[in-house]
Amino acid sequence: MLQQTRVAAVIPYYQRFLERFPTPAALAAAEEPELLAMWAGLGYYSRARNLQKAAALVAETFPSDYAALLELPGVGTYTAAAVASIAFDQPHAAVDGNVRRVVARLTNDGLVDAGRVADELLDSKQPGRWNQAVMELGATVCLPREPLCEACPVAKWCAARLAGTQNELPLKRKKPEAEYLEKTLLIIRSKGRLLLVPGVRVAGFWDLPEPFKGVRVGAKLGEFKHTITHRHYRFLVFEGVASRIPADGCWFEEEDLGKLPLSTTAKKALRVRV
DNA sequence: CATGCGTGGAT
DNA sequence: TATCCAAGCAT
């Protein structure tokens with residue numbers, strides 16, 4: 001869950017998730033719609049699918065070293081090192097965005113191999129604590145913008161601090177060209193049910209339909225903005241009345257929506273008010 | 001190795 | 001059409 005996601009955003013999800021899936025076996029046995037419903041809002045949904053695959057693999061025997069952890073779907077070098085060091089006291093530097101930033105500044109080198117440097121600096125006697133300490137340093141002191149160098153315990157060894165280049169590091173990769181799109185979403189109700197279709201923007205989730213053959217578009221209910229990676233959407237929300245529904249459309253009781261993987265866009269649309 | 005993947009919060 | 005970026009990973 002923590003991959004590319006802030007700790008504060010994860011915590012409530014983590015708690016609910018572990019209540020519902022207290023063991024690897026429980027997670028492995030879940031149906032994908034419920035899994036996605038539990039994950040909805042966290043983003044990067046392949047993480048959820050990978051975690052479930054991994055749960056099945058670890059249910060019998062949990063891998064206890066870096067190489068075996070790395071084999072698990074969804075576990076890359078960072079996660080394998082984090083678990084190996086924190087849970088099993090093995091000397092692997094966990095290099096996340098925080099550590100890359102700290103190392104780039106410490107060396108004043110935007111092209112530095114952060115993994116190599118972190119492995120050299122690692123306290124192999126307590127690698128878990130070292131990893132968490134460096135990540136925490138990055139999260140609380142060596143901030144992306146305007147780092148708190150005055151409060152930094154390693155400022156006197158920091159080459160960027162000496163050179164005054166801390167605000168220019170680490171180098172950021174250029175982002176893809178933004179795309180701006182406008183879409184219409186339809187709220188179509190009948191007999192206490194809501195019409196949904198398989199999501200076209202986020203796979204595995206149900207979403208509100210866009211205008212289709214056989215629908216009459218009614219009053220505008222509101223609008224909202226939502227961004228998915230580099231695509232910036234403006235969604236216009238209208239009422240609709242369907243004389244016939246799309247082949248892949250499905251009616252759902254309103255009170256069952258909580259158990260469905262419902263897209264963030266659909267959730268936002270159902271909240272809009274003019 | 002560059003790219004795509006989701007979302008929400010901070011600034 | 002704000003912009004950045006988060007305890008990354010797979011392809």
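All heavy atoms count here, side chains included; hydrogens, waters and symmetry mates do not. All chains are named by letter (A, B, ...) in the order of the sequence lines, taking the proteins before the strands, and each is independently numbered beginning at 1.
- Note on Thr227(A): a base of the nucleic acid sits closer than 4.0 angstrom, heavy atoms only.
- Where Pro176(A) and His226(A) meet DNA chain B, the nucleotide closest to each residue was compared, and Pro176(A) sits on the side nearer the 5' end.
- Between Tyr44(A) and dG4(B) there is no side-chain N or O to OP1 or OP2 distance below 4.0 Å.
- One finds a side-chain N or O of Lys268(A) lying less than 4.0 angstrom from the OP1 or OP2 phosphate oxygen of dG8(B).
- Here Val10(A) lies out of heavy-atom contact (under 4.0 Å) with every strand.
- Heavy atoms of Arg234(A) sit nowhere under 4.0 angstrom from any nucleic acid atom.
- Linking ILVMFWY residues whenever their side-chain heavy atoms come closer than 4.5 Å, directly or via other members, leaves Tyr14(A) and Val83(A) in distinct clusters.
- The phosphate of dT7(B) (OP1 or OP2) has a side-chain N or O of Thr264(A) nearer than 4.0 angstrom.
- Taking Glu239(A) as the reference, nothing meets the side-chain hydrogen bond (donor to acceptor under 3.5 Å, both in side chains) condition, with sequence neighbours excluded.
- Residue Leu2(A) contributes atom CG, which lies 18 Å from atom P of dT7(B) at whole-angstrom precision.
- One can place NZ of Lys175(A) at 17 Å from P of dC5(B), the figure rounded to the nearest angstrom.
- dT7(B) atom P lies 10 Å from atom NZ of Lys267(A), rounded to whole Å.
- Between the CG atom of Asp207(A) and the P atom of dG6(B) there is a distance of 13 Å, given to the nearest Å.
- Two rings, from Tyr233(A) and Phe224(A), have their centers 6.0 Å or more apart.
- With hydrogens and angles disregarded, no donor-acceptor distance shorter than 3.5 Å links the side chain of Asp256(A) to the backbone of Phe252(A).
- Smallest separation of non-hydrogen atoms from Tyr13(A) and Ala40(A): OH-O, 2.7 Å.
- At whole-Å resolution of the value, CG in Asp113(A) and P in dC1(B) are 11 Å apart.
- One can find a donor-acceptor pair under 3.5 Å joining the base of dG6(B) and the side-chain atoms of Thr5(A).
- Ile187(A) places a side-chain heavy atom less than 4.5 Å from the side chain of Leu194(A).
- Taking the P atom of each, dA2(B) and dA7(C) are spaced 24 Å apart, rounded to whole Å.
- Counting any heavy atom pair closer than 4.0 Å across all strands shown, Arg49(A) reaches no nucleic acid atom.
- Within the nucleic acid shown, Arg100(A) has no heavy atom closer than 4.0 Å to any nucleic acid atom.
- For Lys174(A) and Gly43(A), each mapped to the nucleotide of DNA chain B holding its nearest heavy atom, the one lying further toward the 5' end belongs to Lys174(A).
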Output a table of donor-acceptor pairs, distance under 3.5 Å, between side-chain atoms of residues 154-175 of chain A and any protein atom two or more places apart or on a different chain; print 'none' if there are none.
unit_1: Thr165(A); atom_1: OG1; unit_2: Asn108(A); atom_2: OD1; d: 2.5
unit_1: Asn167(A); atom_1: OD1; unit_2: Glu146(A); atom_2: N; d: 3.1

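- A close approach under 4.0 Å does not occur between any side-chain nitrogen or oxygen of Arg145(A) and OP1 or OP2 of dA10(B).
- dG6(B) atom P lies 9 Å from atom CZ of Arg47(A), rounded to whole Å.
- Taking atom P in both dG8(B) and dA10(C), the straight-line distance is 24 Å, to the nearest Å.
- Of all nucleotides in DNA chain C having an atom under 4.0 Å from a heavy atom of chain A, the first and last in 5' to 3' order are dT1(C) to dA10(C).
- The nearest whole Å value for the distance from the NE2 atom in His230(A) to the P atom in dC5(B) is 7 Å.
- Note on Leu262(A) and Phe17(A): same hydrophobic cluster, where clusters join Ile, Leu, Val, Met, Phe, Trp and Tyr whose side-chain heavy atoms are under 4.5 Å apart, directly or indirectly.
- Taking atom C1' on both nucleotides, dG9(B) is separated from dC9(C) by 23 Å, rounded to a whole Å.
- When each of Lys172(A) and Thr77(A) is assigned the nucleotide of DNA chain C bearing its nearest heavy atom, the one mapping closer to the 5' terminus is Lys172(A).
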